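Note that the structure is a prediction, hence the values are computed from the model and not measured.
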Amino acid sequence: MSSYLLLGVLFIARMGTDVKNTDYTWYTIFGWIEKLSIYVDNNWAPIILMLGATVVTGGIAFLVNGTRDVGAGVFPQRSGRKRASVFLAGPLSLVTRLERTSIIVWLISMPILGASYGSIFGTVGDLMKTNPALTKLMGAAAVNQAARAVILSFAGKLSIIVALVATIPALITLLKINGDEKKATWNRFTPAVSPASKFSAATPSSAC
């Protein structure tokens, strides 16, 4: 989950540099590809940065992997309670408890993603309005109409992107439940619950 969170933060930071100041693109990993200027300047500096980032992150990954046990997470597990809470009495509450970190992260990330796209939504049409060459060539009325068409097209594509991203947490939850079912992990806690009941319990949690 931490990797998805980091990926989302870098993606939003990349979007922010396009709106505020393109010089800040050098500080985002996604911006390095653009700075290559292939077939124009053929800038090799991003390649060097990518290789350096690979060495640094790879070294950190090897160090972290060498200090953890086989099959254990990066962060140590906390000591559990001796008795389970009364809210863990059913499959739905158990799934919600197991997926609580994922649910919280996605509930926070989705509004941030929508706000980041919304912050640049008003500037999409201005890209054509602020071009004096297009204004002289097409006229002000035609440029305004073209800018409106660009905004509507962007809104349609944005709806598709948001819809696709919204399916990711649901798929992650359902695939995890499917994996736990194959490993018989659930049978250690709830042996009397059928697979259909487990799937029904996972559906509301994944929809959150």
Side-chain angles (χ1 to χ4, degrees), residues 1-78 98-124 126-128 130-131 150 153-176 178-180 183 206:
M1 182 55 62
S2 301
S3 59
Y4 289 110
L5 181 61
L6 178 61
L7 185 65
V9 170
L10 293 175
F11 181 73
I12 294 175
R14 173 69 178 87
M15 293 173 55
T17 58
D18 288 339
V19 177
K20 299 299 182 181
N21 191 342
T22 56
D23 293 335
Y24 295 153
T25 307
W26 283 103
Y27 298 102
T28 61
I29 297 177
F30 289 128
W32 293 348
I33 300 177
E34 177 186 345
K35 294 299 182 180
L36 286 171
S37 299
I38 301 175
Y39 299 121
V40 180
D41 298 326
N42 292 328
N43 189 3
W44 286 87
I47 298 294
I48 299 176
L49 291 175
M50 292 178 188
L51 293 176
T54 301
V55 173
V56 172
T57 54
I60 294 175
F62 277 110
L63 289 176
V64 173
N65 186 65
T67 57
R68 70 186 184 99
D69 199 357
V70 178
V74 176
F75 302 103
Q77 295 182 353
R78 296 180 301 175
L98 295 176
E99 298 296 323
R100 64 176 181 176
T101 302
S102 177
I103 293 173
I104 293 173
V105 170
W106 282 104
L107 286 178
I108 296 175
S109 301
M110 291 301 295
I112 293 176
L113 179 63
S116 61
Y117 273 115
S119 63
I120 65 173
F121 190 83
T123 62
V124 173
D126 296 336
L127 295 176
M128 300 187 66
T130 56
N131 193 327
V150 170
S153 177
F154 178 75
K157 292 181 174 61
L158 183 59
S159 301
I160 296 174
I161 293 174
V162 173
L164 290 176
V165 174
T167 61
I168 295 177
L171 290 176
I172 291 176
T173 301
L174 293 178
L175 290 175
K176 184 175 181 181
N178 184 46
D180 292 340
K183 297 177 183 177
S206 61

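Atom CG of residue Leu49 and atom CH2 of residue Trp26 lie 6.5 Å apart, to the nearest 0.5 angstrom.
For Ile33, the CD1 atom sits in a loose shell: 12 or fewer heavy atoms of surrounding residues, nucleotides or ligands are nearer than 6.0 Å.
Considering only residues two or more places apart in sequence or on other chains, Phe30 meets the side-chain contact (heavy atoms from CB on, under 4.5 Å) condition with Leu7, Leu10, Phe11, Arg14. Residues meeting the side-chain contact (heavy atoms from CB on, under 4.5 Å) test with Ile48, sequence neighbours left out: none.
Across all their heavy atoms, Lys35 and Asn43 have their closest contact at O-CB, 3.4 Å. Residues Trp32 and Pro46 come closest through the heavy atom pair O-CB, 3.3 Å. For the pair Leu164 and Thr167, the tightest heavy-atom approach, listed with the atom from each and the gap, is O-OG1, 2.5 Å.
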Report all side-chain donor-acceptor pairs from residues 51-62 shorter than 3.5 Å, counting only partners two or more places apart or in another chain.
| from | atom 1 | to | atom 2 | distance (Å) |
| --- | --- | --- | --- | --- |
| Thr54 | OG1 | Met50 | O | 2.7 |
| Thr57 | OG1 | Ala53 | O | 2.6 |
| Thr57 | OG1 | Thr54 | O | 3.4 |

